[in-house]
Asker: 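I am attaching a structure below and will ask some questions about it afterwards.
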Amino acid sequence: MTREEFSVSASNLVDRVKELLHEGNVTRIIVKDEQGKALLEIPVTVGVIGTILAPWLAALGVIAALATNCRIVVERRE
């Protein structure tokens, strides 16, 4: 398992998470605030469909409205 970390502005948060989900080898996405506190953890399983992700993306929209900058930690399977 490998971990990557990205820094994104709140306005790009939802779009960046959608991009990561479409890559296919992501197993978990963690959204953190500027201080490193985890705001949201999204477990990603093989075969996830859009209707399952809709509530997660709505929650990301709320986080984006409240935060200015976020960090996304991505866990990938090798």
Side-chain angles (χ1 to χ4, degrees):
M1 184 94 43
T2 60
R3 291 182 89 142
E4 294 179 79
E5 194 165 321
F6 303 97
S7 181
V8 296
S9 66
S11 61
N12 296 330
L13 178 62
V14 175
D15 292 333
R16 184 65 178 135
V17 169
K18 284 181 183 179
E19 289 174 15
L20 291 167
L21 291 172
H22 288 291
E23 290 180 11
N25 63 344
V26 175
T27 57
R28 179 181 303 241
I29 296 174
I30 304 167
V31 178
K32 295 183 177 184
D33 64 7
E34 295 170 331
Q35 290 78 31
K37 181 181 175 187
L39 301 174
L40 182 67
E41 290 191 35
I42 305 171
V44 181
T45 58
V46 176
V48 171
I49 57 174
T51 56
I52 294 173
L53 288 177
W56 293 108
L57 295 176
L60 279 175
V62 171
I63 290 170
L66 298 174
T68 54
N69 290 312
C70 299
R71 290 187 297 163
I72 301 173
V73 179
V74 180
E75 292 181 359
R76 300 177 188 269
R77 66 179 179 267
E78 296 179 9

Asker: Got a sec, which residues hit side chain to side chain contact (heavy atoms under 4.5 Å, CB included) with Asp15, two or more places apart in sequence or on another chain?
Answerer: none
Asker: Can you list the residues that meet the side chain to side chain contact (heavy atoms under 4.5 Å, CB included) rule with Glu5, with sequence neighbours excluded?
Answerer: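 By the side chain to side chain contact (heavy atoms under 4.5 Å, CB included) rule, Glu5 matches Arg71, Val73.
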Asker: With clusters defined by side-chain heavy atoms of hydrophobic residues (ILVMFWY) lying less than 4.5 Å apart, directly or transitively, does Phe6 cluster with Ile30?
Answerer: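 Different hydrophobic clusters.
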Asker: By side-chain hydrogen bond (donor to acceptor under 3.5 Å, both in side chains), which residues pair with Arg28, not counting sequence neighbours?
Answerer: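 Applying side-chain hydrogen bond (donor to acceptor under 3.5 Å, both in side chains) to Arg28 gives Glu41.
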Asker: Taking only residues two or more places apart in sequence or in another chain, which ones pass side-chain hydrogen bond (donor to acceptor under 3.5 Å, both in side chains) with Asp33?
Answerer: none
Asker: Let me confirm one number: the CE-CZ distance from Met1 to Arg76, rounded to the nearest 0.5 Å.
Answerer: 12.0 Å
Asker: For the CG atom of Leu13 and the CD1 atom of Ile72, what is their distance to the nearest 0.5 Å?
Answerer: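 Separation between the atoms: 5.0 Å.
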Asker: Ser9 and Asn69: which non-hydrogen atoms are nearest, and at how many Å?
Answerer: CA-OD1, 3.7 Å
Asker: Using side-chain hydrogen bond (donor to acceptor under 3.5 Å, both in side chains) as the criterion, list what pairs up with Glu19, not counting sequence neighbours.
Answerer: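 Glu19: side-chain hydrogen bond (donor to acceptor under 3.5 Å, both in side chains) contacts with Arg16.
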Asker: With rounding to the nearest 0.5 angstrom, report the OG1 to CD1 distance, Thr27 to Ile42.
Answerer: 12.0 Å
Asker: Sequence neighbours excluded, which residues qualify as salt bridge (charged side-chain N to carboxylate O under 4.0 Å, His left out) partners of Glu34?
Answerer: none
